[in-house]
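For reference, the structure is listed below as structure tokens.
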2 protein chains.
Amino acid sequence: MDPHLLTTFVTVARHGSFSAAASELGYTQSAISQQIAALEADLGLPLLRRRPVEPTPAGRRLLEHAEPLLLRLRAARADVLRTAAGPRHLLRLAATPLAVNPAVAARLARARARMPRLEVRLRTCRAERLAALVAEGHADLGLADGIAAPSDPLRLPDAGPMTTAGVTEEDLVVVLPSGHPLAGRASLRLADLIDARWLQTPLCPLARLRDLVGDGFPAGLAYEGDDVHTVLALAAAGHGLTLLPASAVPGGGITAVPVAAPRLVHRVELLHAALPPGAAAALAAALTLRPDTQDLERGIKDRSV
Amino acid sequence: MDPHLLTTFVTVARHGSFSAAASELGYTQSAISQQIAALEADLGLPLLRRRPVEPTPAGRRLLEHAEPLLLRLRAARADVLRTAAGPRHLLRLAATPLAVNPAVAARLARARARMPRLEVRLRTCRAERLAALVAEGHADLGLADGIAAPSDPLRLPDAGPMTTAGVTEEDLVVVLPSGHPLAGRASLRLADLIDARWLQTPLCPLARLRDLVGDGFPAGLAYEGDDVHTVLALAAAGHGLTLLPASAVPGGGITAVPVAAPRLVHRVELLHAALPPGAAAALAAALTLRPDTQDLERGIKDRSV
DNA sequence: GAGAGTTACGCCTCACGTAAACATG
DNA sequence: CATGTTTACGTGAGGCGTAACTCTC
């Protein structure tokens, strides 16, 4: 179970080919063959069926373990090295698309005003990659968003000892075409929409809704990107319903109806290494407003936690 | 970051001695010295200060990562091997002390009656070890308990892909000496007890209460064992308050007052490998009652999930 | 100076590359 | 038969043990 062999194994499985893995990893085919053979000998089980190359049941099981395992290994290395690294003038922020809402953007602006010498670089990424980016040290701070019960933490993939803190919680709305029969309602219960057609997008994963509310939520059109504008256009055209934070929905062609029950919120969380580099800690504190510092917020009803 | 070196590192750190680690691991002192040197060279950082041997800040950081990392590695191996192992006639169950409540015990009895050829071996262990036991394959099924908001999952340490399922949820009571001024109350709010003295025991970790309710809950006497009888005796004698599931509190010398707010329950969860060995899956199904099969339960008000 | 960690050095294992053999579509 | 994996074999790096060295209490 040498991580070296594990890396080779996942690479071979991903490519479905020994030789492709060999050229990616800079080995000869022969070496790859020997490494896989060594791993199989170690476990006493065949892990790959050859020609075509595909994992056996045991191999599939190992693949599920190997990826997070290797991530944690890289994360551990990055975290240890970070303790020794000097202070940085550059702060790298990673965020999921919906995480940078008006309140977060405003707090970030205020924090930057107070730290004029600090250079901030922001990038967006998919939710699944966010924890990995922070864990491996490719980002100093991460902003993740998701749907949760009020004041419940988000379920983030575990990539080792990290700190999370609530940043904002905001009401969720159902996005409807303006002509939709339900568009006139003052509020909606999700249970009543369980049989409606829903957009399938990473911005509002239906699997999460089923977790929180119950089975149902049949998938309509699947949009695999994470662009909010696109999702709004699709929702306006009636391709299906979707759930978004209230602040993300502009007027025009669409109607936003608050969700009455169950009580759910769009939550944004900050995550960073347990011992973040100096500037990151300061910025983290600025973003993570405590209730008593909730002062000049405008344009969004958020409840900090 | 070879796991081999990581193992050596944690062993050395635990013993505070190269030679002690050497004899535990079956190497010479020299080999240990070289392994630690190799690890330090790999990371480019000193990890241990010698004479006396103790971790540097970077070393402490690495230790936090290494232990769960090595656990997951062992867990992955065990899980892959389990997929290939044949069916077992012996089912090993591990449980925290409060997890085996009357409802769980009754369900277990009924399941065993239906599977007479199945041998079941039950052991209790501390909560922190439970996930590791199941992950590493030393137990087929684990029963964990803890305090949570209703229908919220427990926070269990992550030891890789595992399945959890709610088993029972039961009301919590505050355990008071019979003569206690609050003993006459029909119910109590935890917020009102935030300044009272609390027993410090793994059965009712004060840290968890602070998570759920807020700061406070000053620690009184610390009992490091997990024997329910002992805790009850300490509570009866007025050493401090504690929270237990209603079914764990007998009469005599003590009074149990239900918790009114916040709404919290004592929850029991079952955890097992994603692909449990055959008999384990059957027993898991028997323990994890769905609402419609809640029938002959007696002696305890539990709400299955 | 005794106990405990490090360094020097030789041995042996093991992992890689080359190249030939082999399987499979 | 072509493509791609396995096997055989030689080589080199690296990890371990022995033993001499060095540091610190």
Side-chain angles (χ1 to χ4, degrees), chain A residues 1-60 62-63 66 69-70 73-74 76-77 80, chain B residues 1-60 62-63 66 69-70 73 76-77 80 84:
Chain A
M1 296 277 300
D2 179 357
H4 188 208
L5 302 183
L6 245 34
T7 307
T8 300
F9 175 62
V10 302
T11 309
V12 170
R14 186 161 26 106
H15 285 91
S17 153
F18 281 52
S19 15
S23 75
E24 177 178 326
L25 297 172
Y27 287 109
T28 58
Q29 286 152 313
S30 169
I32 301 298
S33 181
Q34 293 175 57
Q35 289 178 17
I36 297 295
L39 191 58
E40 289 181 325
D42 175 32
L43 291 168
L45 291 169
L47 297 171
L48 292 169
R49 240 182 286 285
R50 323 295 155 96
R51 240 181 315 245
V53 172
E54 59 182 6
T56 62
R60 272 194 295 277
L62 182 59
L63 279 174
L69 206 51
L70 293 170
L73 205 57
R74 291 191 300 271
R77 164 178 277 276
V80 171
Chain B
M1 296 278 300
D2 179 356
H4 188 208
L5 302 184
L6 244 35
T7 307
T8 300
F9 175 61
V10 301
T11 308
V12 170
R14 184 157 31 92
H15 284 92
S17 152
F18 281 50
S19 14
S23 74
E24 176 177 326
L25 297 172
Y27 287 108
T28 57
Q29 286 141 318
S30 168
I32 300 298
S33 180
Q34 292 176 56
Q35 289 178 16
I36 297 296
L39 192 58
E40 290 181 323
D42 174 33
L43 291 168
L45 292 169
L47 298 171
L48 291 169
R49 242 182 284 285
R50 324 293 153 98
R51 244 180 306 244
V53 172
E54 58 181 8
T56 62
R60 274 193 295 276
L62 183 57
L63 279 175
L69 207 51
L70 294 171
L73 205 58
R77 163 179 278 277
V80 171

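By convention in this document, chain letters (A, B, ...) are assigned in the order of the sequence lines, proteins followed by strands, and residues within each chain are numbered from 1.
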Rounded off to whole Å, could you give me the [atom1]-to-[atom2] distance for the [X] and [N] pair?
{"X": "L25(A)", "N": "dA15(C)", "atom1": "CG", "atom2": "C1'", "value": "15 Å"}
{"X": "D42(A)", "N": "dA15(C)", "atom1": "CG", "atom2": "P", "value": "11 Å"}
{"X": "I36(A)", "N": "dA15(C)", "atom1": "CD1", "atom2": "P", "value": "14 Å"}
{"X": "R50(B)", "N": "dT22(D)", "atom1": "CZ", "atom2": "P", "value": "18 Å"}
{"X": "Q29(B)", "N": "dC23(D)", "atom1": "CD", "atom2": "P", "value": "18 Å"}
{"X": "Q35(A)", "N": "dT5(D)", "atom1": "CD", "atom2": "P", "value": "14 Å"}
{"X": "D2(B)", "N": "dA15(C)", "atom1": "CG", "atom2": "P", "value": "11 Å"}
{"X": "L39(A)", "N": "dT5(D)", "atom1": "CG", "atom2": "P", "value": "17 Å"}

Distance test, side-chain N/O of [X] to OP1/OP2 of [N], below 4.0 Å:
{"X": "T28(A)", "N": "dC16(C)", "answer": "no"}
{"X": "Q34(A)", "N": "dC14(C)", "answer": "no"}
{"X": "S19(A)", "N": "dT3(D)", "answer": "no"}
{"X": "Y27(B)", "N": "dC16(D)", "answer": "yes"}

Item to complete: Please name all residues satisfying side chain to side chain contact (heavy atoms under 4.5 Å, CB included) with A37(A), sequence neighbours left out, ordered by chain then number.
Response: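 A37(A): no side chain to side chain contact (heavy atoms under 4.5 Å, CB included) contacts found.
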Response to the item:
One should read off an interatomic distance between I32(A) CD1 and T28(A) OG1, to the nearest 0.5 angstrom, of 7.5 Å
Fill in: DNA chain C: 5'-proximal contact among G26(A) and F18(B) (nearest heavy atom)
F18(B)
Fill in: Most 5' of P52(A) and H4(A) on DNA chain C, judged by nearest nucleotide
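Comparing both residues, the 5'-ward one is H4(A).
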Fill in: Validation row: D42(A), L5(A) side chains within 4.5 angstrom (heavy atoms)
no
Discussion item. Closer than 3.5 angstrom, by distance alone: can the side chain of E40(B) be matched with the main-chain N or O of L47(B) as a donor-acceptor pair?
Written reply: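 Checking the backbone N and O of L47(B) against the side chain of E40(B), a donor-acceptor pair under 3.5 Å is found.
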Practice prompt. Could you note down all residue pairs passing salt bridge (charged side-chain N to carboxylate O under 4.0 Å, His left out) where residues 17-34 of chain A supplies at least one of them, sequence neighbours left out?
Written response: R14(A)-E24(A)
Discussion item. Which nucleotide wins on minimum distance to the side chain of A31(B), given the candidates dG5(C), dT7(C), dC16(D)?
Written reply: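 Per side-chain heavy atoms of A31(B), the pick is dC16(D).
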